[in-house]
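Note that these values count all heavy atoms, side chains included, but never hydrogens, waters or copies made by symmetry. One-based numbering, in listed order, for ligands and for the atoms of each.
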Amino acid sequence: MRRKIVAGNWKMNTLLPEGELLVKQIEFLTKELETDVEIIIAPPFTHIATLGKYIKDYEMNVSLAAQNCADQEHGAYTGEVSAKMLHNLGCKYVILGHSERREYYGENSESLYKKINLVLNEGMSPIFCIGERLEERESSRHFEVVSQQIKDVLYRLRGVELAKVIVAYEPVWAIGTGKTATADQADEMHAYIRRVIGDKFGDYSENIPILYGGSCKPSNAKEIFGKEDVDGGLIGGASLVAQDFIGIIKSF
Ligand code: PGA
């Protein structure tokens with residue numbers, strides 16, 4: 001039985017007071033919730049310490065993730081935040097390789113491989129994002145693109161390291177666009193991703209959670225999560241509204 005996971009990626013949204021309110025609402029709505037879904041939130045760096053304390057004080061069943069980390073351990077890297085700093089604040093996860101970071105900040109497989117290792121060395125788990133652009137799907141290169149993203153980074157890990165990774169399949173054309181992959185498109189790609197991981201790592205692939213991301217909301221989550229190879233979601237816009245975020249969690 002694979003883990004079920006719903007992770008909220010807040011991106012560069014909310015001021016701290018708004019973030020605190022959102023966590024309070026999540027706390028209220030999850031208090032009575034009996035669920036086997038692991039709930040993760042990834043707020044901006046500036047909120048992590050405060051929200052982490054709240055989560056701890058109220059014994060919330062929510063784990064903290066960061067949205068990125070530095071590709072160096074420590075030192076003279078102005079403006080960067082290290083994996084160790086994030087772990088020290090209670091983060092269990094770090095989202096790595098989100099398409100917005102690949103696209104706008106030039107992240108590539110080399111820097112992502114370094115980041116994955118730093119995150120793993122701290123005992124945290126990477127939520128490793130992959131996915132094709134619209135033109136790549138339209139020219140039927142989506143499988144090739146996704147497989148290359150996996151080979152360039154994940155194939156360089158050892159099996160025991162790979163076992164700590166969560167994969168998020170996020171077709172770039174579905175992120176923030178309101179356009180979701182159909183449940184069948186998601187399932188097809190998730191099964192493919194598991195096969196590509198399995199080609200290198202054998203049975204390890206069976207236990208890797210693969211999350212879907214891209215305009216996931218309460219109205220479509222049930223169908224997507226109902227698919228065999230979909231183990232949850234990485235949620236952007238809808239994670240900023242507590243009711244919607246919990247609605248998605250309840251879709252399992
Ligand atoms: P979205 O974003 O749910 O707003 O499409 C998903 C993501 O980028 O993780």
Give yes or no for whether the N/O distance cutoff of 3.5 Å, strictly under, is met between [X] and ligand 1.
{"X": "Gly237", "answer": "yes"}
{"X": "His98", "answer": "yes"}
{"X": "Gly176", "answer": "yes"}
{"X": "Gly236", "answer": "yes"}

Please determine whether any non-hydrogen atom of [X] lies less than 4.0 Å from an atom of ligand 1.
{"X": "Lys217", "result": "no"}
{"X": "Ser99", "result": "no"}
{"X": "Ser215", "result": "yes"}

Test side chain to side chain donor-acceptor pair (under 3.5 Å) applied to Glu135 and Trp173, step by step: CA-CA 9 Å; Glu135 63 272 22; Trp173 46 273; over 6 Å; no

Structural part of Ile175 in contact with ligand 1, heavy atom criterion under 4.0 angstrom: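 Both of them.
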
Distance-only donor-acceptor check, side chains His98 and Gln67, under 3.5 Å: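 The answer is no; no qualifying pair exists.
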
From OH (Tyr204) to CG (Leu157), nearest 0.5 Å: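 One gets 11.5 Å once the value is rounded to the nearest 0.5 Å.
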
Gap separating the CZ atom of Arg2 from the CG atom of Asn207, nearest 0.5 angstrom: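 Spacing of CZ (Arg2) from CG (Asn207) equals 7.5 Å.
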
Check: Glu228 side chain, Asp187 main-chain N or O, donor-acceptor pair, under 3.5 Å: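 Here the side-chain-to-backbone pair does not exist.
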
Backbone N/O of Glu107 and side chain of Ser111: donor-acceptor pair under 3.5 Å: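 Answer holds: no.
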
Only heavy atoms of [X], strictly under 4.0 Å: list the atoms of ligand 1 that pass.
{"X": "Asn9", "value": "9 (O)"}
{"X": "Glu170", "value": "6 (C), 7 (C), 8 (O), 9 (O)"}
{"X": "Ala174", "value": "5 (O)"}
{"X": "Lys11", "value": "2 (O), 7 (C), 8 (O)"}

Phe225 and Phe252 aromatic ring geometry - parallel, tilted or perpendicular at 30°/60° bounds: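 Phe252 and Phe225: parallel rings.
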
Test side chain to side chain contact (heavy atoms under 4.5 Å, CB included) applied to Asn121 and Glu73, step by step: CA-CA 10 Å; Asn121 285 344; Glu73 209 173 324; over 6 Å; no

